[in-house]
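Notes to accompany the following structure.
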There are 2 protein chains.
Amino acid sequence: MRATDAEIVRALPLFGGMQDAHFEALIGAGYLQRFPQGVVLIHEGERPDFLHVLVQGSVEFFSESADRATTLSLLKPPSAFILAAVVLDQLYLKSARTVEPSVVVLIPAQAVRDVFDKDPAFARAVVAELAFRYRNLVKDLKNQRLRTSLERLANWIIAHDEQMGRTGSFKLPIEKKVLANLLGMRPENLSRNLAELARVGVHVRGSIIDIRDIEALKAFARPDPLIDDPAV
Amino acid sequence: MRATDAEIVRALPLFGGMQDAHFEALIGAGYLQRFPQGVVLIHEGERPDFLHVLVQGSVEFFSESADRATTLSLLKPPSAFILAAVVLDQLYLKSARTVEPSVVVLIPAQAVRDVFDKDPAFARAVVAELAFRYRNLVKDLKNQRLRTSLERLANWIIAHDEQMGRTGSFKLPIEKKVLANLLGMRPENLSRNLAELARVGVHVRGSIIDIRDIEALKAFARPDPLIDDPAV
DNA sequence: CCAAGAATTTGATAAATATCAATTGAAAAG
DNA sequence: CTTTTCAATTGATATTTATCAAATTCTTGG
């Protein structure tokens, strides 16, 4: 593994506070792998061998059951994933695939559990990470339960615009069919929903979204910090 | 607080492994409170003052946003709740109300965080608890995204029958409107869905559910261990 | 530049779910 | 035992979402 990749891992909050010796143990046991787009890194139902750290690229988490499939989340680097399955040593509940060529650091699950038992700072970081993920999932469930697909889309647009600096205009960062799945709707539905939002001043040309009346959009979407604010 | 209540708390996996002195510190700072049915213990958006431990009764977690409301989960004793908000010291994302008269032990959030920093066994237990909750939430989201309300109901019936010892017959443990909300549907829908399940041998009289053809029910419901099995 | 393949859009329709209103049923209070 | 209240059911209808099929547009390898 290149030193620069190890540094990316080390810089993550999850690994930042731990003792050097313990970090060396983890990174020494781990290795780096490159994957092309569309590779399934993790299959739900299997047992975790490695903690994964996404260093470059991006990963989509999805799940399939009884002929249906859904996207649960997208992950951007740098971040660790499948932490919960690794610390409990239980089956994966989600599958994961690369949505672009990606670089992943793989750290043997047993090494993670060993260091977790020895290093209190790491244990605390694991708690912080899990609690953070837990809260995001609560927000996802509320989003799904309390809103129609049109409202989820409207709020996603508001949130993404804020993330991009509130310019009122941005390019979709992902394919529309991926966005549709992430928001819990079919691509046909996303298409119609985007058209529908013209009513509140959202204009779409290809993958460019223009918010021409943020107040009207917000009045419709009724954003809720307890669902939409990433810092809450 | 009575010694017997302290023992109930101590017996929880979350508190089981910690040092006696630390447990005394927690329980000494805490106190016990009784609540009648229907009391809102926690309001989403507020900051956590106490880790709650439900000792008796039961609690419903719910959330409201933009005039809509949903039940996210039900909790049975003994269990701790709002751990994620306490350890991160962040706003509650859910509200909680008693659904029957309940007994709750309240432990000041700061005391929890103090002990968490000092006691590695407790820190590990917090991780296990959070990871477990996280995984349950993933299952909830998959259940919601991958199934219709009729399928969720069918699978809930199967799971509840298994919990009750696979007798093929049980009494609903909660009111139908609470169950409806928990499963993400309206009470009218639950009523119709229950009637619909007669097609696959589920017969309902008041709050008594009879499964007369478990194979037919399973063939329809297509249960999935990665969603329905509480041990996975 | 062009053709093939994929993504996206559009139309028509069906299925799932919510809503509103009215009724029935059951349990608690007097 | 009756009245009151609330839960539950039923009917009618509207909304939301999915499905299927057919354009259309966009990308990309040749």
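Every chain is numbered from 1 and lettered A, B, ... according to where its sequence line falls, protein lines coming before strand lines.
In this structure, the ring of B/Phe50 has its center no less than 6.0 angstrom from the ring center of B/Phe81.
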Polar atoms only, N or O, under 3.5 Å: list the protein pairs with nucleotides 14-17 of chain D and their distances.
| from | atom 1 | to | atom 2 | distance (Å) |
| --- | --- | --- | --- | --- |
| D/dT17 | OP1 | A/Ser149 | N | 2.8 |
| D/dT17 | OP2 | A/Ser149 | N | 3.2 |
| D/dT17 | OP2 | A/Ser149 | OG | 2.7 |

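Note: CD (A/Glu188) to P (C/dA15) measures 16 Å, nearest angstrom. D/dC20 atom P lies 14 Å from atom CZ of A/Arg192, rounded to whole Å. Between A/Asp67 atom CG and D/dA18 atom C1' there is a gap of 15 Å when expressed in whole angstrom units. A/Lys176 has its NZ atom 17 Å from the P atom of D/dT24, to the nearest Å. To the nearest angstrom, C1' of D/dT9 lies 16 Å from CG of B/Leu197. Counting to the nearest Å, the P atom of D/dT19 and the CG atom of A/Leu190 are 16 Å from each other. Between the P atom of C/dT9 and the CZ atom of A/Arg205 lies a distance of 13 Å, rounded to the nearest Å. Distance CG (A/Leu172) to P (D/dC26): 14 Å, rounded to an integer number of Å.
For B/Glu175, counting side-chain heavy atoms from C-beta on, the closest listed nucleotide (C/dT19, D/dA7, C/dT10) is D/dA7.
Seen from the ring of B/Tyr92, B/Arg47 does not count as a face-on cation partner, given the 6.0 Å and 45° thresholds.
Closest of all the heavy-atom pairs between A/Val55 and A/Pro77 is O-CB, 3.4 Å.
The distance from the CD1 atom of B/Ile214 to the CZ atom of B/Arg166 is 8.0 Å, given to the nearest 0.5 Å. Note that OG of A/Ser79 and CZ of A/Arg133 are 6.0 Å apart. Values are rounded to the nearest 0.5 Å.
For D/dC6, neither phosphate oxygen OP1 nor OP2 lies less than 4.0 angstrom from any side-chain nitrogen or oxygen of B/Lys177.
Each of A/Lys177, A/Lys94, A/Arg97, A/Lys76 was compared with A/Glu60 under the salt bridge (charged side-chain N to carboxylate O under 4.0 Å, His left out) criterion, and only A/Arg97 meets it.
Taking a 6.0 Å sphere around CZ of B/Phe170, one finds it holds more than 12 heavy atoms contributed by other residues, nucleotides or ligands.
Closest-nucleotide positions on DNA chain D for A/Gly206 and A/Arg68 were compared, and the one nearer the 5' end corresponds to A/Arg68.
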